[in-house]
Amino acid sequence: MSEILKCNSVNKTFLTGQNEELHILKNVSLSIKANKLTVIIGASGAGKSTFLHILGGLDKPDSGEVILLNQNLYELKNNELAKFRNKNIGFVFQFHHLLPEFTAEENVMIPLLISGKSKNEARKSSLELLKTVGLESRKNHKPAELSGGESQRVAVARSLACNPKIIFADEPTGNLDSENSKSLNQLFLQLKNEMDISFLIVTHNPELMNIGDEIIEMKDGEIIPIDAKQNSHGKENS
Amino acid sequence: MNEFFIAKRYLKAKHKIGFITILSAISWVGITIGVAALIIVISVFNGFGGLVKNLLISYDPHIIISTQQAENTEKRINSLLSENHEVKSISPILEAKGIANSGNNFNVVVIKGLNLPTLNSLGFIKQKNRIENDFKNNFADIFIGQILAAKMGLMEGDTISLIPIKTIKQSVVDFTSLPIVYKGIVKNIFTTNNKEYDENYIFTSLESAEIIFGGRFRINSFEIRLGNIESLNTIKSRLQKELGNEVKITTWYELHKNLYDVMQIERWSAFLLLTMIISVAVFNILSTLTMIVIEKKRDIGVLMAMGFNKNSIIRLFIYQGILVGTGGIFSGLLLGLLTCYLQIRYKFYSLDPTKYIIDALPVKVDLLDILSIVLATLFLASLASVYPAKKASEINIVESIKYE
Ligand SMILES: Nc1ncnc2c1ncn2[C@@H]1O[C@H](COP(=O)(O)OP(=O)(O)OP(=O)(O)O)[C@@H](O)[C@H]1O
Ligand SMILES: [Mg+2]
């Protein structure tokens, strides 16, 4: 099975308010296979979000490289990287982060509009996606009129808008009750099975760990390999 | 165009920071007032300018050609312009000072001789009192300015004495020669509303002037009047090209350069002053957008994560500025033009016609001015958006998406 994402010796340091250096990611290397649901777990402050942002092209590492779909992300110019994200990557955040002024349908349309699609095309695809996440009937609702679970499903639909190869999700169920979490997890599973798409999900949710093809644990800015439920995969750096 | 789509929505949105809504309303109203005021004031300036111009055009020559070789030049001018439909009249000028005398009343005047067609087509001459014949029985038919006529107590049909200054000078040094006195019959008392003319000028036929001043050889300039002042410059450049550099060609505009400069300066000062009103309003756009940037920080980060690049973010905010600007411009245009229209149509700001030569404040709407006002405002609005737009584009994605 082919590899979709790879990173080599990624380092990230933050400066604290007192000008102390915090070494958050320590020489992290990782390889992720295509069409898998990979889960990253770890204690709070381990550096999971930071890692996800760097892998998703949202934040530059201090050193090291990230290769997504055979493209070294940080060799791209800013505008190219933005375009690359639009085309190949979907994001789901802990909070749905839908634009409050826009309806569910319009929110899903926005990545499509950014990619240069016409409004009509975008609307058509958007409706299709809302159908996929089971919220077609809510297309004209603004985020304020949707429940937390519904909002997050719309956010998932939005992340799928441009047919990305990979979805990055940072604690997507972190704000949902167990019922909603469960159905969102099922949605991820369903999408993975129906589409040619990979997931990289940071989570504390035990159920999501169960359905993950691969589990990665982070601790103090380093990766500790552990066994996933079906196959063991343990040749990661530490 | 998705930037525009989002920009529009952002402005219409109910803001968490209620102040934003108030601020954008203030910028809207401010721009409306500024644009309307600018349109009205500039149009009144145009109205007055047009009025003055029309008055001046009706009695001043439009082109004056001065030359040393009058005879030759006259032929060439005539052959050049006789076919030109824009040219209303061409006349040699014979102009000199003289004394006008009636009873005990002596006045230094300018006596100006023009050929008959030109003389009779002067805008301010009453047609029934045309000068039909040239110097006859030692009498010259004359037109005399209204103030001068009043000073001398003259009515149409009265006779006065005209004494060329030259002969007076002679008689001062040479006691044997007496000043020569000619008789003039007042054919027409004219009013130009230009004091200079009404107080000092006597018009007569070229032939009479030649006799009074002693000969045609004194002619050294020609004046041309046009049907349409717009063709002035083309005709001037044609004349200059054909007649060469031995003639000096002065246009009506050049004659009134000072007046024009002053009017222009006044217009510009008004323009600048009122643009300041707009600038203040536009400054509100800057505050509004800056606050929207703060309020929408997270959304901007999300948009960037989804592939919006810096330029799109900049455009998004500049569009917002332009949208507020355009709204203000639109209502300002409406208000300003409506006011101008009402003034033109119903003269609701009227003037006392016994004091002024017009009955209402003159208003003339000029398309080019309107266009400049619109463009200047749009420019200011987009300028005001640049700073917040730049700030928005510098938002750090990771930082902005961290929080709910
Ligand atoms: N911009 C920043 N400046 C300084 N320190 C930062 C910054 N961003 C993150 N950190 C620090 O880096 C560490 C890792 O942060 P990160 O958000 O990646 O943790 P996490 O594993 O996602 O935790 P959680 O499970 O609570 O979300 C934390 O200690 C945090 O304080
Ligand atoms: Mg985190």
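So that the names make sense, note that chain A is the first sequence line, chain B the second, and so on, each numbered from 1.
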So how far is it from [X] [atom1] to [Y] [atom2], rounded to the nearest 0.5 Å?
| X | Y | atom1 | atom2 | answer |
| --- | --- | --- | --- | --- |
| A:Lys83 | B:Phe308 | NZ | CZ | 14.5 Å |
| B:Lys296 | A:Glu101 | NZ | CD | 3.0 Å |
| B:Ile6 | A:Ile114 | CD1 | CD1 | 6.0 Å |
| A:Lys77 | B:Asn309 | NZ | CG | 13.0 Å |

So for [X], is it side chain, backbone, both, or neither that comes closer than 4.5 Å to the heavy atoms of chain B?
| X | result |
| --- | --- |
| A:Leu58 | both |
| A:Ile89 | neither |
| A:Phe102 | both |
| A:His97 | both |
| A:Glu106 | side chain |
| A:Lys87 | neither |

Is it the case that atom [atom1] in [X] sees more than 12 heavy atoms from other parts of the structure closer than 6.0 Å?
| X | atom1 | value |
| --- | --- | --- |
| A:Phe14 | CZ | yes |
| A:Lys117 | NZ | no |
| B:Phe283 | CZ | no |
| B:Phe330 | CZ | no |
| B:Asp261 | CG | yes |
| B:Leu367 | CG | no |
| B:Tyr387 | OH | no |

- Query: Is there side-chain contact between A:Arg85 and B:Ile397, with at least one heavy-atom pair below 4.5 Å?
  - Reply: yes
Pairs meeting criterion salt bridge (Lys or Arg N to Asp or Glu O under 4.0 Å) with involvement of residues 373-392 of chain B, two or more places apart
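As it turns out, the salt bridge (Lys or Arg N to Asp or Glu O under 4.0 Å) pairs with a partner in residues 373-392 of chain B, which skip direct neighbours, are B:Lys391-B:Glu394.
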Worksheet item: Taking A:Asn86 for the side chain and B:Met306 for the main chain, is one N or O donor matched with an acceptor at less than 3.5 Å?
Response: yes
Most contact-rich option vs chain B, by heavy-atom pairs under 4.5 angstrom, among A:Asn175, A:Asp170, A:Asp59, is A:Asp59
One option among A:Pro100, A:Gly56, A:Gly116, A:Gly90 has the most heavy-atom pairs under 4.5 Å with chain B, and it is A:Pro100
Under a 4.5 Å heavy-atom criterion, the part of residues 146-169 of chain A in contact with chain B comprises A:Arg158
The test is side-chain contact (heavy atoms from CB on, under 4.5 Å); show your working for B:Phe5 and A:Lys119 and say whether it passes. CA-CA 10 Å; B:Phe5 174 57; A:Lys119 256 191 189 168; 3.3 Å; yes
Name the option with the most non-hydrogen atom pairs under 4.5 Å to chain A; the candidates are B:Lys310, B:Arg9, B:Met304.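 With the most close heavy-atom pairs to chain A, the winner is B:Arg9.
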Check your understanding: So which of B:Asp299, B:Asn396, B:Leu303 has the largest heavy-atom pair count under 4.5 angstrom toward chain A?
Key ->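 The answer is B:Asp299.
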**Study point:** Stepwise side-chain contact (heavy atoms from CB on, under 4.5 Å) test for B:Asn311 and A:Asn79
**Key:** CA-CA 9 Å; B:Asn311 293 336; A:Asn79 283 358; 3.8 Å; yes
| said: Assess the residue pair A:Phe95 and B:Arg298 against the criterion (side-chain contact (heavy atoms from CB on, under 4.5 Å)); give the C-alpha distance rounded to whole Å, side-chain angles, the decisive distance to 0.1 Å, and a yes or no. | reply: CA-CA 11 Å; A:Phe95 308 100; B:Arg298 188 200 69 203; over 6 Å; no
